[in-house]
> 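Next up is a structure, given as structure tokens.
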Amino acid sequence: MRVLVTGGGGFLGSHIANRLNNRGDQVSVLGRRKYSYLGEGIESIVCDIRDSQGVADALKGCDAVFHSAAIPGVWGDFKKYHSINVEGTHNVIEGCREHGVKKLIFTSSPSVVFGDSDLENVDESVPYPESYLCHYPETKAMAERMVMDANGLDGLATVSLRPHLIWGAGDPHLVPRILERAKKGNLVRVGSGTNLVDMIHVENAAAAHVQVCDALKSGAKVAGQCYFVSDGEPVVLWDWIDHLLMALELPIVERTVSYKTAWILGGILERTYGLLRIKREPLMTRFVAAQLATSHYFDISKAKRDFGYTPVISPDTGMEQMIKTLRQVPPAY
């Protein structure tokens, strides 16, 4: 196939691009700069996802697009989140329709169905919440709905994947945040510390995207569908964090605050930062408190059944590889 990966210089996007490239597909990535660390033969297209004409030009002649470009985070201006996550997705859809691209694989997030309470082994029938605690899940949900609505338009087949807490060697987001706070003594256990969460190694997330792409075509079972994907083994969040810290000879988490206390603090900080127009992320928000204190793990049987989702790396092997990498190249705080 001739394939475009938006956000192809990012953590997940680069793994998708390299996986496709390694099996012989013709791969281009779209991002804000050129990415010399990608595999040989992968073309870098410098373009902002908000540039509708540039996105459309990049899609000309493509058979499929993996749309992983997004702005993550728990704090910031709604207009920026909307312009990238929603309007950027609209540009991808319109570019596909203009140039007859047949497949669109969208990287969504389980947070699109997260309110403020436990999600325990839920499947894809769980509804979107009535309101969101931050702009990222809200705008990702808006984009996901657009992708689903676009299925079947001008011969385009779409599918949405919801990988949860992507991790692994080279992770620039989740693990560095944990280690930074631990080193500064700012890591505090929220809630009982027994909550179960799903995670997914970046290689498994990339494999899921390629596997569903191969099953996707007009009228296929996966077309127009959403899927949770994970490592398939929920972990006790705070045990997982402590294991990582001990392996790197950092102090484990000793301090604990209740979910209620963290929630109230998060609300106060959100209001204060909003009134003062402080751009940096607050130390606590209601969304972060809820994510750290509640269980959120998912039934992935639909992905296994519909497109044969199969993890390619075990959590234990992934952890060994990540710890080895972190020991060799300590993260910059």
Side-chain angles (χ1 to χ4, degrees), residues 5-13 16 30-32 47-52 54-56 65-96 104-117 119 124 126-151 153 158-166 172-174 177 200 205 209 224-229 266-267 270-271 273-274 277-282 285-291 296 298:
V5 182
T6 73
F11 187 42
L12 173 60
I16 294 173
L30 183 146
R32 291 170 293 179
C47 176
D48 192 306
I49 197 70
R50 293 168 289 189
D51 177 358
S52 59
V55 171
V65 55
F66 293 78
H67 179 35
S68 68
I71 176 173
V74 300
W75 188 251
D77 180 56
F78 176 79
K79 290 183 179 179
K80 185 174 183 180
Y81 279 93
H82 189 273
S83 67
I84 295 174
N85 295 347
V86 181
E87 294 172 24
T89 299
H90 173 77
N91 291 340
V92 171
I93 293 170
E94 291 305 303
C96 287
L104 166 55
I105 301 90
F106 175 63
T107 306
S108 185
S109 166
S111 64
V112 300
V113 297
F114 183 73
D116 58 8
S117 57
L119 293 172
E124 290 80 2
V126 65
Y128 296 110
E130 293 183 1
S131 61
Y132 292 92
L133 296 173
C134 65
H135 302 322
Y136 173 71
E138 180 180 9
T139 53
K140 289 295 284 187
M142 295 168 69
E144 182 181 86
R145 285 169 161 159
M146 289 172 53
V147 170
M148 297 303 97
D149 288 342
N151 182 61
L153 298 179
T158 70
V159 67
S160 178
L161 294 187
R162 297 168 172 175
H164 193 255
L165 293 179
I166 302 172
H173 303 297
L174 175 65
R177 285 168 63 90
I200 186 166
H209 280 72
Q225 298 293 312
C226 300
Y227 294 93
F228 292 117
V229 288
E270 287 176 44
R271 288 192 293 272
Y273 276 50
R277 298 183 179 181
I278 300 174
K279 294 185 177 181
R280 70 177 183 274
E281 181 184 318
T285 68
R286 292 169 299 159
F287 179 78
V288 170
Q291 285 280 295
H296 29 102
F298 309 92

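Atoms considered below: every heavy atom in the structure, side chains included; atoms not considered: hydrogens, waters and symmetry mates.
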> Are Met148 and Cys226 packed together at the side-chain level, in the sense that at least one heavy-atom pair is separated by less than 4.5 angstrom?
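Yes, close enough: below the 4.5 Å cut-off.
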> Kindly determine whether Val159 and Leu104 satisfy side chain to side chain contact (heavy atoms under 4.5 Å, CB included), including the steps that lead there.
CA-CA 6 Å; Val159 67; Leu104 166 55; over 6 Å; no
> Output, in order, the C-alpha distance, side-chain angles, deciding distance and verdict of side chain to side chain contact (heavy atoms under 4.5 Å, CB included) for Leu161 and Ser108.
CA-CA 6 Å; Leu161 294 187; Ser108 185; over 6 Å; no
> Would you check, one step at a time, whether the test side chain to side chain contact (heavy atoms under 4.5 Å, CB included) holds for Leu165 with Ile200?
CA-CA 6 Å; Leu165 293 179; Ile200 186 166; over 6 Å; no
> Does any non-hydrogen side-chain atom of Ser52 lie less than 4.5 Å from one of Glu94?
no
> What closest approach, in Å, do Ile71 and Tyr81 show between heavy atoms, and which atom pair accounts for it?
O-CE2, 3.4 Å
> Set out, in order, the CA-CA distance, both residues' side-chain angles and the distance that settles ring pair (Phe, Tyr, Trp, His ring centres under 6.0 Å) for His173 and Phe11, then state yes or no.
CA-CA 9 Å; His173 303 297; Phe11 187 42; 7.3 Å; no
> For a 4.5 angstrom cut-off between non-hydrogen side-chain atoms, does Val126 reach Phe228?
yes
> Taking NZ, NE, NH1 and NH2 as the nitrogens, is one of them in Glu270 or Arg286 under 4.0 Å from a carboxylate oxygen of the other?
yes
> Return the minimal non-hydrogen interatomic distance between Cys47 and Leu30, and the atom names on each side.
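Taking every non-hydrogen atom into account, O-CD2, 3.4 Å.
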> Check Arg177 with Glu281, please: is the shortest side-chain N to carboxylate O separation under 4.0 Å?
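Yes, Glu281 and Arg177 are salt-bridged.
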> Which atom names give the shortest non-hydrogen contact between Val55 and Asp48, and what distance separates them?
CG2-O, 4.0 Å
> Can a donor-acceptor pair be found, under 3.5 Å and without considering hydrogens, that links the side chain of His90 to the backbone of Val86?
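Such a contact is absent between His90 side chain and Val86 backbone.
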> Using ring pair (Phe, Tyr, Trp, His ring centres under 6.0 Å) as the criterion, list what pairs up with His82, not counting sequence neighbours.
Phe78
> Closest approach of Ser111 and Pro137, non-hydrogen atoms and distance?
O-CB, 3.3 Å
> With a 4.0 Å cut-off on N to O distance, would you call Lys79 and Asp77 a salt bridge?
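Result for this pair is no, no salt bridge flagged.
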> As a test of understanding, state which of Thr6, Thr107, Asn91 forms a side-chain hydrogen bond (donor to acceptor under 3.5 Å, both in side chains) with His67.
Thr6
> When the ring planes of Phe66 and His209 are compared, do they come out parallel, tilted or perpendicular, using 30° and 60° as the limits?
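Phe66 vs His209 ring planes: tilted.
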> Measure from the side-chain N and O atoms of His296 to the backbone N and O of Gln291, and report whether any donor-acceptor pair falls under 3.5 Å.
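It does hold such a pair.
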> Within 45 degrees of the ring normal and closer than 6.0 Å to the centroid, is that where the cationic atom of Arg145 sits relative to Tyr128?
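Yes; both conditions hold, so Arg145 lies above the ring face of Tyr128.
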> For Val147, is there any backbone N or O sitting under 3.5 Å from a side-chain donor or acceptor partner on Thr158?
yes
> Identify the two heavy atoms, one from Gly73 and one from Cys134, that lie closest to each other, and give their separation to 0.1 Å.
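Closest approach of Gly73 to Cys134, heavy atoms only: O-SG, 4.3 Å.
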> Would you check if Leu174 and Ile166 make a side-chain contact, meaning some heavy-atom pair closer than 4.5 Å?
no
> Do Leu119 and Phe114 touch side chain to side chain, with heavy atoms closer than 4.5 Å?
yes
> Going by heavy atoms in the side chains, are Cys96 and Val65 under 4.5 Å from each other?
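A side-chain contact under 4.5 Å exists here.
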> Are Arg162 and Glu124 close enough for a salt bridge, meaning some N to O gap below 4.0 Å?
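Between Glu124 and Arg162 there is no salt bridge, as every charged N stays at least 4.0 Å from the carboxylate O atoms.
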> Test ring pair (Phe, Tyr, Trp, His ring centres under 6.0 Å) on His164 and Phe298; report intermediate values, then the result.
CA-CA 9 Å; His164 193 255; Phe298 309 92; 5.3 Å; yes
> List the steps and the verdict of side chain to side chain contact (heavy atoms under 4.5 Å, CB included) for Ser109 and Tyr136.
CA-CA 9 Å; Ser109 166; Tyr136 173 71; 3.8 Å; yes
> Can any side-chain N or O of Trp75 pair as donor or acceptor with the backbone N or O of Tyr273 at less than 3.5 Å?
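Flag not set: sc Trp75 to bb Tyr273 has no pair under 3.5 Å.
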> Show the nearest heavy-atom pair for residues Gly7 and Ser68, with the distance to one decimal.
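So the minimum-distance heavy-atom pair works out to O-OG, 3.7 Å.
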